[in-house]
Every structure is written in structure tokens, then in C-alpha cells.
Enquirer: 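My questions all concern the structure below.
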Amino acid sequence: MNFPKILIIIYCSLLYSTAFSQEKLDHGVIARIKEVGFQQSRVLETLSYIADVYGPRLSGTPAYREAAEWTKRKLQAIGLENVRFDSYEAGLRGWAIESYSIEMVQPRYMSIIALPSAWTAGTEGEITGVPVLVDYTDPDALKKLSGQLRGKILMSPLSRPSDGERTGPFTDTELDNAAAHTNPNNPDGLDNSGLEPYAERLRRRLSGAESKEDRINRFLIEEGVAAVIRASRKQHGVIDARQLP
């Protein structure tokens, strides 16, 4: 009883194959496409500029602006029209690293591999202090040391791996859900970061609302803490320069 259906499928397949085989290919166009792809490609050059010359680049920083202006010039150079900048948030402050070094001077000298946390204020000169091991993300632990932290450098005794960081493999459902996200900091995203976007953080602070991070930072400033050194959330020696906690 299934025989007529099989015949119809085979017949349709033959019609499709015949129609496809009769299509004429423009080998000249194909050759020109290959020539551009293999001999005139600017992919590596573009990648070098984005990754090395203009990267990394944080939102609201001079490096980000320079990268945007370079991109605009490149798009105009290849003939695109109406290339312009659209502002997505007013009041973003700029931030950039000019120079820094972190060193242990006693009992032996050692250079410490680290990065300044993004958007933190400069030290306005050299800072020295005695390190204190404390979980600086715990307000209760900090309050127990109230009055004892002036001029100290806080260091967490924990390795602080990323909470719930996901590395895959991911299911088709997880990938489909991630593809539908419009918020890059969605807690259900593949990296499960859940970080508050900088623009939203700035808007919240301007409104006067405080987060746990704000309360901790205010306490550290009031106590006169010289600096805070935290472990990276990443593995394999990768430095994470996000703000605490």
C-alpha cells in the first residue's frame, strides 16, 4: 500500500535533481569570489585591530570611543552610507588605566600579577600597607574588624571561583533560550554571570539606592582601608577585573 507514495517521492526527487543539473554556473563569478576570499581578505587585519589595537574596551571609556570611531571609518571606506553613532546612555563616565604596579616588599620582594578593577578611582600615588586576610564580601566579618582597618590592605582567604559558572556542554533547549535573550547579563545566560549592567548600576546610584556592594564599599572608605586585593573568579591564571563583591 505504500508503493505509490514511494514512487511519488522518487519522481519528485528526480525532477529536482534534473532542474538543479540544468542550472548554468557562472564560473567567472565563482573564481572572483574565491580570489577575494583567499587573496584579498582583510579578516586577519581587522581581527588584529579589534583584538590588539583597540581591545580590550569597556563601555564609557576612551578605548571604546576609539574603537567605535575606527569601525565607523572602516564601514565608510567600504562604501556603506549613513554610518553614525547613536547614544545609548547619558552620563557615562570615562575610565582608563594609565599605569599601575602591585608588589610585595616584605619579607621578600615579589611582583603580584593583578589588574585594577574597572571604574575604580586612582590611588594618586604610592600606597603601602599591611595585608589582612578577611572575607571582604561579608559585612558581618568586616564589622568585627571595625576600627582596625585603617591603612590596611584587605585580601580574601578564599579562591573565589565563579558561582555557578557554566562551561557546557549545553542542551538544545539551553542554547535556544540563550539565543532569545536580549539582556547580555541575564542570570540564565550561558555564562550565568547575572552581573548588573554598568548603565543600570549608574542609574541606580544616581537615584540614591544602595546595593550590598555599595554598603561594603562605603564601609571600607569610612574605615580608611588602603586597598583591596581579591582573587580572580576565573581559572587557569585568567585575571578577572570586575568590581567586587
Side-chain angles (χ1 to χ4, degrees), residues 55-64 92-165 185 187 191-206 208-245:
R57 49 200 177 274
L58 296 170
S59 297
T61 63
Y64 185 93
L92 286 176
R93 63 177 181 176
W95 187 86
I97 298 176
E98 294 182 355
S99 65
Y100 73 95
S101 66
I102 304 176
E103 303 163 346
M104 183 179 75
V105 295
Q106 291 181 357
R108 296 287 185 273
Y109 173 85
M110 181 180 69
S111 177
I112 298 177
I113 300 175
L115 283 172
S117 290
W119 293 292
T120 53
T123 61
E124 299 182 359
E126 183 180 281
I127 288 179
T128 59
V130 177
V132 175
L133 292 179
V134 60
D135 184 3
Y136 46 76
T137 66
D138 183 354
D140 295 331
L142 288 175
K143 288 181 180 179
K144 293 178 181 179
L145 298 175
S146 180
Q148 308 174 45
L149 299 176
R150 182 164 296 278
K152 299 297 193 299
I153 296 176
L154 303 190
M155 301 177 64
S156 174
L158 307 176
S159 59
R160 308 252 351 262
S162 296
D163 297 332
E165 184 170 297
N185 299 100
D191 65 349
N192 199 28
S193 63
L195 292 177
E196 183 182 21
Y198 175 70
E200 294 183 13
R201 183 189 311 153
L202 179 61
R203 187 182 298 109
R204 173 178 51 76
R205 289 179 176 174
L206 291 175
E210 275 194 332
S211 65
K212 175 186 175 182
E213 175 187 351
D214 295 329
R215 293 191 296 272
I216 291 175
N217 287 335
R218 178 163 50 82
F219 176 84
L220 297 178
I221 293 173
E222 292 173 351
E223 290 291 313
V225 172
V228 174
I229 300 177
R230 63 173 174 80
S232 174
R233 298 172 183 264
K234 302 297 183 180
Q235 299 178 353
H236 311 299
V238 178
I239 298 177
D240 179 3
R242 292 182 294 185
Q243 290 179 306
L244 65 86

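Just so you know, these numbers use all the heavy atoms, side chains as well, and skip hydrogens, waters and symmetry mates.
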Enquirer: Using a cut-off of 6.0 Å, state whether more than 12 heavy atoms not belonging to Gln106 lie near its atom CD.
Expert: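 No.
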Enquirer: Taking side chain as C-beta onward, heavy atoms only, is Lys152 less than 4.5 Å from Val225?
Expert: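 Not touching, per the 4.5 Å side-chain cut-off.
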Enquirer: Measuring only between side-chain heavy atoms, which start at C-beta, is Leu220 closer than 4.5 Å to Leu142?
Expert: yes
Enquirer: Find the distance between CD1 (Ile112) and CD1 (Ile229) and round it off to the nearest 0.5 Å.
Expert: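 It comes to 5.0 Å.
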Enquirer: Taking all heavy atoms of Ala114 and all of Ile102, pick out the closest pair and write down the distance.
Expert: CB-CD1, 3.5 Å
Enquirer: Taking only residues at least two apart or on different chains, which pairs with a member in residues 215-224 satisfy salt bridge (Lys or Arg N to Asp or Glu O under 4.0 Å)?
Expert: Glu210-Arg218, Arg218-Glu222
Enquirer: To the nearest 0.5 Å, how far apart are CG in Asp135 and CG in Leu154?
Expert: 10.5 Å
